[in-house]
Amino acid sequence: MPIKPVIPAGSGKPLAPYSPGAMAHGVLYVSGTLPFDKDNNVVHIGDAAAQARHVLETIKGVVEAAGGTMADIAMNHIFLTDWANYGAINAVYAEYFPGDKPARYCIQCGLVKPDALVEIASVAHIGHPA
């Protein structure tokens, strides 16, 4: 199966050996995305809504670099560090998925950097009818 890395212009260097996205047979897999700047520093410390917006904008950039839109996302995997932030994250999330909603799950866990409050990974189908 041919896999094509998807790396939007201006992306920072990942913390580990991975690409921001990988396309295989019209399916885009977006790596777990944290609220990092280009130097892998956490942004918007203490603000779950702002971190969620940053993460979703980053995901949007990967999806668009692959030729898709946020409407092409079929599944989101959401990781948060505290259920107290669930409402704030959901409010921002709803802005990015105003119509039909993708499938998703959400779990509470520890993240790679303690100041990160949310991480999201996505799966999108680019250029294929639903």
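Residues Val55 and Ile73 are members of one and the same hydrophobic cluster, defined by side-chain heavy-atom contacts under 4.5 angstrom among Ile, Leu, Val, Met, Phe, Trp and Tyr. Note on Ile45: it clusters hydrophobically with Val112, by side-chain heavy-atom contacts below 4.5 Å among ILVMFWY residues. With hydrophobic clusters built from ILVMFWY side chains whose heavy atoms lie under 4.5 angstrom apart, Tyr18 does not share a cluster with Val6. Put simply, Ile78 and Val43 are part of two different groups of oily side chains (I, L, V, M, F, W, Y) that touch within less than 4.5 Å, one to the next.
Across all their heavy atoms, Ile3 and Ala22 have their closest contact at CG2-CB, 3.8 Å. Gly21 and Val62 get closest at one heavy-atom pair: CA-CG1, 3.9 Å. The heavy-atom pair separating Gly10 from Lys38 by the smallest distance is O-CE, 2.9 Å. Scanning all heavy atoms of the two residues, the minimum distance from Ile7 to Pro20 falls at CG1-CD, 3.7 Å.
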I'd like to know whether Met70 forms a side chain to side chain contact (heavy atoms under 4.5 Å, CB included) with Leu56, so could you lay out the CA-CA distance, the side-chain angles of the two residues, the decisive distance to 0.1 Å, and finally the verdict. CA-CA 9 Å; Met70 293 296 276; Leu56 288 163; 4.3 Å; yes

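Geometric assessment of Lys60 against the ring of Tyr96 yields a negative cation-pi assignment under the 6.0 Å and 45° thresholds. Cation-pi geometry between Arg104 and Phe97 is not met: the NZ or CZ atom fails to fall both under 6.0 Å from the ring centre and inside 45° of the normal.
Side chains of Phe36 and His54 form no contact here, defined as non-hydrogen atoms less than 4.5 Å apart. For the pair Asp72/His125, no side-chain contact is recorded, criterion being any heavy-atom separation below 4.5 Å from C-beta on. Looking at heavy atoms from C-beta onward, Met23 lies out of side-chain contact with Pro2 at the 4.5 angstrom threshold.
To the nearest 0.5 angstrom, Leu15 atom CG is 4.0 Å from Asn40 atom CG. Between the CD atom in Glu95 and the CG atom in Asn90 there is a gap of 11.5 Å [rounded to 0.5 Å]. Here CD of Glu57 is found 8.0 Å from CD of Glu64. Values are rounded to the nearest 0.5 Å. Atoms OG and NE2, on Ser122 and His77 in that order, are 7.5 Å from each other to the nearest 0.5 Å. Here CD1 of Ile107 is found 8.5 Å from CG of Leu80. Values are rounded to the nearest 0.5 Å.
Looking at Asp82, its side chain never comes within 3.5 Å of a backbone N or O of Leu117 through a donor-acceptor pair. A side-chain donor-acceptor contact under 3.5 Å links Asp37 to the backbone of Asp39. For the pair Lys4 (side chain) and Ala66 (backbone), a donor-acceptor distance under 3.5 Å is absent. Gln51 contributes no side-chain N or O that, together with a main-chain N or O of Val42, makes up a donor-acceptor pair within less than 3.5 Å.
Residues passing the ring pair (Phe, Tyr, Trp, His ring centres under 6.0 Å) test with Tyr86 are Trp83, sequence neighbours excluded.
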Listed pairs under 3.5 Å, donor-acceptor, residues 26-34 side chains, sequence neighbours left out:
from: Ser31; atom 1: OG; to: Ser19; atom 2: O; distance (Å): 2.6
from: Thr33; atom 1: OG1; to: Ser31; atom 2: O; distance (Å): 2.8

